[in-house]
Amino acid sequence: MSNLVTHGILHQTLIRPNVAKYQSKVNYSFISANILYQDVSENKAPAQAQNFLLATKFCGNNLCVRKRKVAMARHQQAAVVPHAVSSPTSQASEISGNFLLDGNIELQVGVASSAPGLTQIDIQVSSGSDSLLLHWGVICDQQGKWVIPSRRPNGTKVHKNRALRTPFVKRGSESILKIEIDDPAAQAIEFLILDEAQNKWFKNNGGNFHIKLPLKVKSDKTISVPEDLVQIQAYLRWERKGKQIYTPEQEKEEYEAARIELLEELAKGTSIEDLYVRLKDKTTATEIKEPSVSETKIIPDELVQVQAYIRWEKAGKPNYSPDQQLREFEEARKELLAELEKGISIDEIKKKIFKGEIQTKVAKQLKTKKYFRAERIQRKERDLMQLINKHVAENIVEQDIDVPKALTVIERYSYAREEQNRGLLLNKEIYKLGDDDLLVLVTKDAGKTKVHLATDFKSPVTLHWALSSTTPGEWLVPNQSGLPPGSVAVNGAAETQFKSSSSIDPFHEVQSLDIEVEDNTFKGMPFVLLSCGKWIKNNGSNFYIAFGSGKEQIQKDNVDGKGTAKFLLDKIAKMEDEAQRSFMHRFNIAADLIDQAKDAGQLGLAGILVWMRFMATRQLIWNKNYNVKPREISKAQDRLTDSLQKVYTSYPQYRELVRMILSTVGRGGEGDVGQRIRDEILVIQRNNHCKGGMMEEWHQKLHNNTSPDDVVICQALIDYINNDFDIGFYWKTLNANGITKDRLLSYDRAIHSEPNFLRDQKEGLLRDLGNYLRTLKAVHSGADLESAISYCMGYKAEGQGFMVGVQINPVPGLPSGFSELLQFVMDNIEVKEVEPLLEGLLEARQELRPLLSMPQDRLKDLLFLDMALDSTVRTALERGYEELNNAGPGNIMYFICMVLENVALSSDDNEDLVYCLKGWNVALRMCKSKDTHWALYAKSVLDRTRLALAHKAEWYQKILQPSAEYLGSLLGVDRWAVEIFTEEIIRSGSAASLSSLLNRLDPILRKTANLGSWQIISPVEANGYVEVVDELLAVQNKSYERPTILVAKSVKGEEEIPDGTVAVLTPDMPDVLSHVSVRARNSKVCFATCFDPNILASLEARKGKLLHVKPSSVDMIYSEIKEEEGNDSKSTKQKEIASLSPITLTRKQFCGKFAVVSDEFTNELVGAKSRNISYLKGKVPSWIGIPTSVAIPFGVFEHVISDESNKIVAEKVKSLKRKLDEGEFNALREIREAVLQLNAPSQLVEELRTKMKSSGMPWPGDEGEKRWEQAWKAIKKVWGSKWNERAYFSTRKVKLNHDYLSMAVLIQEVINADYAFVIHTTNPSTGDSSEIYAEVVKGLGETLVGAYPGRALSFICQRHDLNSPQVLGYPSKPVGLYIKRSIIFRSDSNGEDLEGYAGAGLYDSVPMDEAEKVVLDYSSDPLIVDCGFRKSILSSIARAGSAIEQLYGSPQDIEGVIKNGKVYVVQTRPQM
C-alpha cells in the first residue's frame, strides 16, 4: 500500500454517492460500450480526457441522468502496485509487478494466459547471483494457506511439505524463472526469494510477494451479463484505477475486463440477481419488504462528509487506499442512518456533529479539493547508514592534459606587460590582423587612464586616433598637451607613430606606444591603423577600445592559474567569442569539452561549472548577432546534458559537481521540445488577438533567440494579468529576477513596449500563458519542480492548440506510490506550515535515491527532479522561518534533522554529515525523554555539524574559487561576481539554511546547559590593544611591541602564542588540554573561546582600542580603559619578564650506547618523558598498565651524523645552519629533509634490535628490510623535529641555545586504543586542586593534543568522590585515528618540562605506520549512550590520575589510553 493518500476519504466523485447507488430504476441498455467514456469537448483530441455518461445527482426518489466531466489529474501515470491483476484481453496481455530488492536489484513479475486453462508466471531478477531460489506456493481459498501444486518446473524440490523451492535459471546478468499453473481453483501465487549462497532472503516489505492470478472462466456462450451491470462495473474499475486517461483501445479493453470480472462472479455461483443486489444497492429488495426509516430518508452529503472526517480523525488520520476510502464513506453513511433509525432527526444530527473547527476543516478541505487527505505523510523507517557516500575525488593537482599550443609573440608580450603593470586592468583586446596581432591594454593608475598598444607588424605603423565621451562613433580631438611626443593633429584626429623596441629587448620584434588620458569624462578611443600607405580596420569598421569593459575588472590574484585546470580554462577563454553567438554555440562547445574536463578530474569539471555559472548569472553574453531556432538550442542542451549524464553514471566521485553544472543548464530535448517555443507563441497571439505591441516584440525575440529570460517574462505577464492588469507587478517580477528595461532593450530583437491587454482577454491569456510557461520551463528550467515532475511522471497535451500530439512517457521503474507522494508535495507547496512539505520532499528524495545510482536513459530527468526537490527544501525552509520564531528546541532540532538529511542526499563525501544526522536523532530522543544531558549532548552535535559545514565550504573554496578568479580574469567578468562566486554557491544551497538553524538553536542550548557565552581555557586578567587576525598560525612568529589582545578567528591547537600577546580570544574550539592551551597557561596568557557571535563582533569592532579583560570560571568581562592604565599594566608585565631567570641547557654527550632499556634511563641519557614512564613501572596499582619502553639516548644523533657514511649530509646541515643563523628560515625545512638522508650505522641497528627484543618488544626488521627502513625513517623524523618551525621559534623567544638542545627517542609499542585521554590533576581552567580535569577522545590521542578540529569529551571529578564524574561537554571531533600493531618513536628532548618554559609538545612523535583516519559515529558509542559504561571509564581515568599524583606528590599532566576497559598510562609530566 502506498504510504500516501492522494485522493483522500472523499474523492471528488464521492461527494455524491457512488453511481452504483440508486440506479435500479434506470435502463442503460441503450448505452453502448463506445460511449462509456464519451468526451463532452467539442474539439476532441485522441489523448484528451474521456468522460462517463452516468447519473451523478439524486433528487428525492428520482434519478437525474446528466453528462458529467470527470476531474483528471494534470500529470497521469499508472501506479505500480505490488501485485498483478487479471487481464481481460488476449494471451499477449501480461500483468506486471515491479519491485526493488535491496536498493538496486529489480524484480519483475509477469502473468499471462498461455493456453486455455493455463496461467503462466514469468519472474525475472536483475541479480548477478547464480544461487537464487524461489520459495513458493499457491493460494486457493480466502484463508491464504499455501497449496503445493502438482505442476512444477524442473529442479523443483518440496520443502518441509509446506512449500516448493525452484532454482532460477541464469541468463546473462539476469535470473529468470517460468511457472505454469493449471489448477482452476488457484487465486494467487505467493513467494519469497532466497540467495542460498549468502543465506539472504528477499521479502516484500517484510512479507510475502503476493501475485493475483486471473480466475478461469468456463466458456459458456449461454451465460451473458446485462450491459447496464457491465457499465457500472467498468465505472467502478475506472475509479479504482485513479480515473486515468484512456485511449479508445484501452476503453474497449476496460469494458471487456469489467464484463469478464462479472462472468467470473457468475462462474463462482453468483446469480445475476445477486449482482443486481450488490451493484444496485438492493433496490429489488425494497419491492418485497417495507422500507425502514433510514431507507426513506436521504442523508445530506455534507453530513456524510463531516462524519467521515470525524471517523478518519478518530482513527489517527491513517493513509487510506481508494477502496478503503469508499468503505469509510459508506460506513459514515451507515452510522448516520443508524441514528435516524433511533428517531433522531437530521437537524438534530447536524447540531450534534457540526461543531467548531470540524466543519471549518471540512469546508476548507472541500474548497481546496483535498477532501480528507492525510495532512502529512508517514515517513518510512530507514537505516541512515545506507545514505553514506564515500566517493572522494582524487587529490587536487594541476592537470597537464592537452597542453595548449605555443603563445604568439604578442600574447607573451601581453602577459609580461600585465605582470609589470601596477594599476587596475580596465580592458584588454588582442585583434587578429592577418598573420599579425594588435594588443590594446587599458589600465588605471594614479587617477590616469593609460592605453598601451603593441603589434608585431614588420613595417612601420601609425595610429590614427581620437577620444569619445558618448558613443563609439564619436571622434573628439585630444588636447595638444595630452598627445604623446611626436604626435600631430590631422583632420579631427591625432596621429602617433609606433616605436620599435631595442634589439637587445626580449620583445625586439614588437613596436608599441603609450597614451595617457587625464580627463575622466572620456569613455573610449576610436582608431584605425596606417601602414605602408594602407588603412587597416577592424573587419571594415573602426577599432574602438572602451576605457573599462563596462565591468569592474578583477585583480590579477591568480594570473598563473594555480589550483585550476589551466589548459581547459585557456581553451574556454579562446572559444568565448564563438560561444557568445548563441546558446546553441555555447552548449555545443561545452559538450565538446566535457570529456577533457572529466579527464582533468574535479578541477576540469569545476572549470566547466564556473563557465556555465558565469553564463547563468548573465556575466557572459547570451546572444550576439545570430538567429537560432529554439529547437536547435534545446538539441544542444540535450547533447550537453547527455554528456553530463554519462559522467554522472561512470564517475560517482564527480556527481556533486555534475549536479551543480546541470543546475546551470536547462533540460533541453531534441526536436519538438524546443520548436514548441516558436509555435506556441503564435497560438497565444492568434487565440487572444494580441498580435501587435509588446507581444509581437516578444514573439520576434523568441523566434530569434530564446533564453531563460523568457521564463521570467512569461511569469511577469501572468502576474500583471492576475493583479488586475497593474503594470507595476510586471516590472516587479522582471526586476526581482534581474531583468531591467535596459536588458529588454539589449536583446538583438529588443522589447520596447509594455503589455497592454483588454480585460476580456484575461481568461484566455492566463490559460494559454500558463501552458506556455510550462513549455518554457521544460526547455530552460531543468530544476523547476513542476516541469521536472512532468518529465518523470509523464504527461499528455491539454489545452486547445498547445503541444498538440506531445506526449512525455513516464520514467520506467519508479517506486510504488511515488506519483501520490509527488502529488502531496505539489498540494502542499504553498501551505504556510512547511513541516509536512519538508517531510514529503525528503521522502520523495529518499525514494528516488536508489534510482540515481542505476544507469538508465532517463537518468537526467530523475536528476533534474531530485535537484528540484532539493531546491524546494531550501525555499520551503526560508518560507517557514517565521514558523520557528516561537518554536521549542525539539521543533528546531527536527527541522535541523530534515535540512541536514537534504544536504547529505546532495553530497558525494557525506559520511560526516550522516553521523551528524544520527547524532541529532539521538539528541531529539534525549530531549523528548527529558534526559538531563540532552542540551549538553545537542551542543556537541551542533558544534560538529558546524565543522562539517565549514569543511564543505572549504572544499568549495579550494575547488571553485581559483577557477573563478582565473577564468574571470580571462573573460573580463565583474570583479564583485568573482569575489563572491563560491560564497553565492554556498548561500544558494541548503547548507546556508542549515547554518541559520544552528545559529538559532545555539543560544538556547547554551542557556539550557548552563554553558554561558565563554569557555575559559587560561584564566589570566590582562590589559591590551585589540588586534583582529584570521589565523593564529599566520602571526605565531610575530612580535608585538605593545601588549596585544588577539581576536583570532581560527586556532587549530598546535600554534605558538606570539610575543607581546596578553590574551587570545577565538570562536574556534581548541581542547582545553591541547598544546596551545597548555602553552597559554604556562605563559600566563589569557585564552578563551567565545560562543556568542554578537560578543565576538563587539570585540572585533574595538580593533585598536585598549581593553581590560577579566575572566571568571564561565564568563569574560571586558571594558575599554585609559592609556595610563594600560601603561601601568605594560610596565608590570615588563618587570615580570625581566625578573625571569634565563633558561640554560647543558650539552649532552654520546654515552657510547645506541640504545638503553628502561632500567638504564638516567638524566644523562634520556629526557623526563622516558624517566617518568620508567619511574611508574611497578609503582602504580596493577590495574594501570605501563607500556614497555626502550630509548635511543642523547648524543646518538650527533654521533650518527658525524659517521663517515654521513659526511655529505653533515656538511649540508652545517651549511644550512649558517643560513639559518643569518635569518633564512626556509633552511629549517631543508635541514629536516637533509636529516632524512642519514644512513644507520650497523652498530646502532644491532644494539637497538638486541634491546628491543630483550624487553619483549617486536623488532621491525623481523618483518623484512622494508619494515626496518620504515622504523629508521620514523627515528630520523623525530631527530629532525628539532628544526620544526614551531619549536625553533619557541626556543628563540626564550633565548635558549638551540645547538645545546639534544633529542633522545623513546620507543614504545603502540596500543591500538579504543579511547585516549589527557588528565590534569588540578583543574587548569579554575586552578582548583580539589578537581581532576580530563579529556577523552576515540582512538589515538593525537587528535586530542594535535591540530584536529572539534572538542573532546571533557569531565571533572571531585577528589573526594572519584566515582561520580561530571561531564562538562560531549565530543564533537569528527575524526579518530586508529593504527594496527606498531611501534611509536616519541621525542624526548632536554628542552621539555623546564621551569619557566613549556617545551612539551613542540617536537614530533612519529609512529612507524601511518594511522588511519576514521570518521566517527558517536550515536552508537557506549561512552556516549551508555551511562553505566561512561561512569565506569571516566571514574577509572580519574582514579589513575589521582594515584599518579599521589606517587609524585605534585599535580600531573598525564596521557594514556583505554583498551578493552583497561587503563594504560603512556607518559606523565609535572602539570605546568
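For the single chain, residues carry numbers from 1 onward in sequence order. Side chains included, hydrogens not; waters and symmetry mates left out as well; all remaining heavy atoms used.
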Does Arg858 form a salt bridge (charged side-chain N to carboxylate O under 4.0 Å, His left out) with Asp861? I'd like the steps, not just the answer. CA-CA 5 Å; Arg858 298 283 299 279; Asp861 289 330; 2.6 Å; yes
TODO: Apply the test side chain to side chain contact (heavy atoms under 4.5 Å, CB included) to residues Ser906 and Glu656: give CA-CA distance (whole Å), side-chain angles for both, the deciding distance (0.1 Å), then the verdict.
DONE: CA-CA 7 Å; Ser906 301; Glu656 190 167 349; over 6 Å; no
Next item on the list: Test salt bridge (charged side-chain N to carboxylate O under 4.0 Å, His left out) on Lys701 and Asp709 and set out the steps.
Entry: CA-CA 11 Å; Lys701 187 259 181 205; Asp709 282 3; 5.7 Å; no
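Under a 3.5 Å cut-off, the side chain of Arg845 and the backbone N or O of Leu869 do not form any donor-acceptor pair. Formation of a donor-acceptor pair under 3.5 Å by the Trp698 side chain with backbone atoms of Ile751 is not found in this model. Formation of a donor-acceptor pair under 3.5 Å by the Asn588 side chain with backbone atoms of Met584 is found in this model. Without hydrogens or angle criteria, Gln761 side chain to Leu758 main chain gives a donor-acceptor distance under 3.5 Å. Counting only distance, with no hydrogens or angles, the side chain of Asn688 and the backbone of Cys690 share no donor-acceptor pair below 3.5 Å. A donor-acceptor pair is defined here as one N or O able to donate and one able to accept, closer than 3.5 Å; no such pair exists between the side chain of Glu697 and the backbone of Arg749. Judged by distance alone, with hydrogens and angles left aside, the side-chain atoms of Gln645 form a donor-acceptor pair with the main-chain N or O of Lys860 at under 3.5 Å.
Comment: Glu984 engages Arg987 in a salt bridge, judged by a side-chain N to carboxylate O separation of less than 4.0 angstrom. Remark: Lys732 does not engage Asp719 in a salt bridge, criterion side-chain N to carboxylate O under 4.0 Å. Residues Asp866 and Arg849 are not paired through a salt bridge, judged by the lack of any N-O separation under 4.0 Å between the basic side chain and the carboxylate. Under a 4.0 Å N-O distance rule, the pair Arg659/Asp908 does not qualify as a salt bridge.
Checking each of Ile985, Leu605, Ile608 against Met660 for a side-chain contact (heavy atoms from CB on, under 4.5 Å) leaves exactly one that passes, namely Ile985. Checking Leu657, Leu863, Leu662 one by one against Leu644, the side-chain contact (heavy atoms from CB on, under 4.5 Å) holds for a single residue, Leu662.
Residues satisfying the ring pair (Phe, Tyr, Trp, His ring centres under 6.0 Å) test with Phe614, not counting sequence neighbours, are Phe981. Judged as a salt bridge (Lys or Arg N to Asp or Glu O under 4.0 Å), and not counting sequence neighbours, the contacts of Arg581 are Glu578. Scored by the ring pair (Phe, Tyr, Trp, His ring centres under 6.0 Å) test, Phe587 finds Phe583 as partners (sequence neighbours excluded). Here Asp592 pairs with Arg639 under the side-chain hydrogen bond (donor to acceptor under 3.5 Å, both in side chains) rule; sequence neighbours left out. In terms of the side-chain contact (heavy atoms from CB on, under 4.5 Å) criterion, residue partners of Ile727 (sequence neighbours excluded) are, by chain and number, Tyr720, Tyr730, Trp731, Glu754, Pro755. Scored by the ring pair (Phe, Tyr, Trp, His ring centres under 6.0 Å) test, Tyr544 finds no partners at all (sequence neighbours excluded).
Using modelled atom types and a 3.5 Å distance limit, the side chains of Lys523 and Thr470 yield no donor-acceptor pair. Using modelled atom types and a 3.5 Å distance limit, the side chains of Arg613 and Ser663 yield no donor-acceptor pair.
In this structure, CG in Leu841 is found 11.5 Å from CG in Leu905, a value given to the nearest 0.5 Å.
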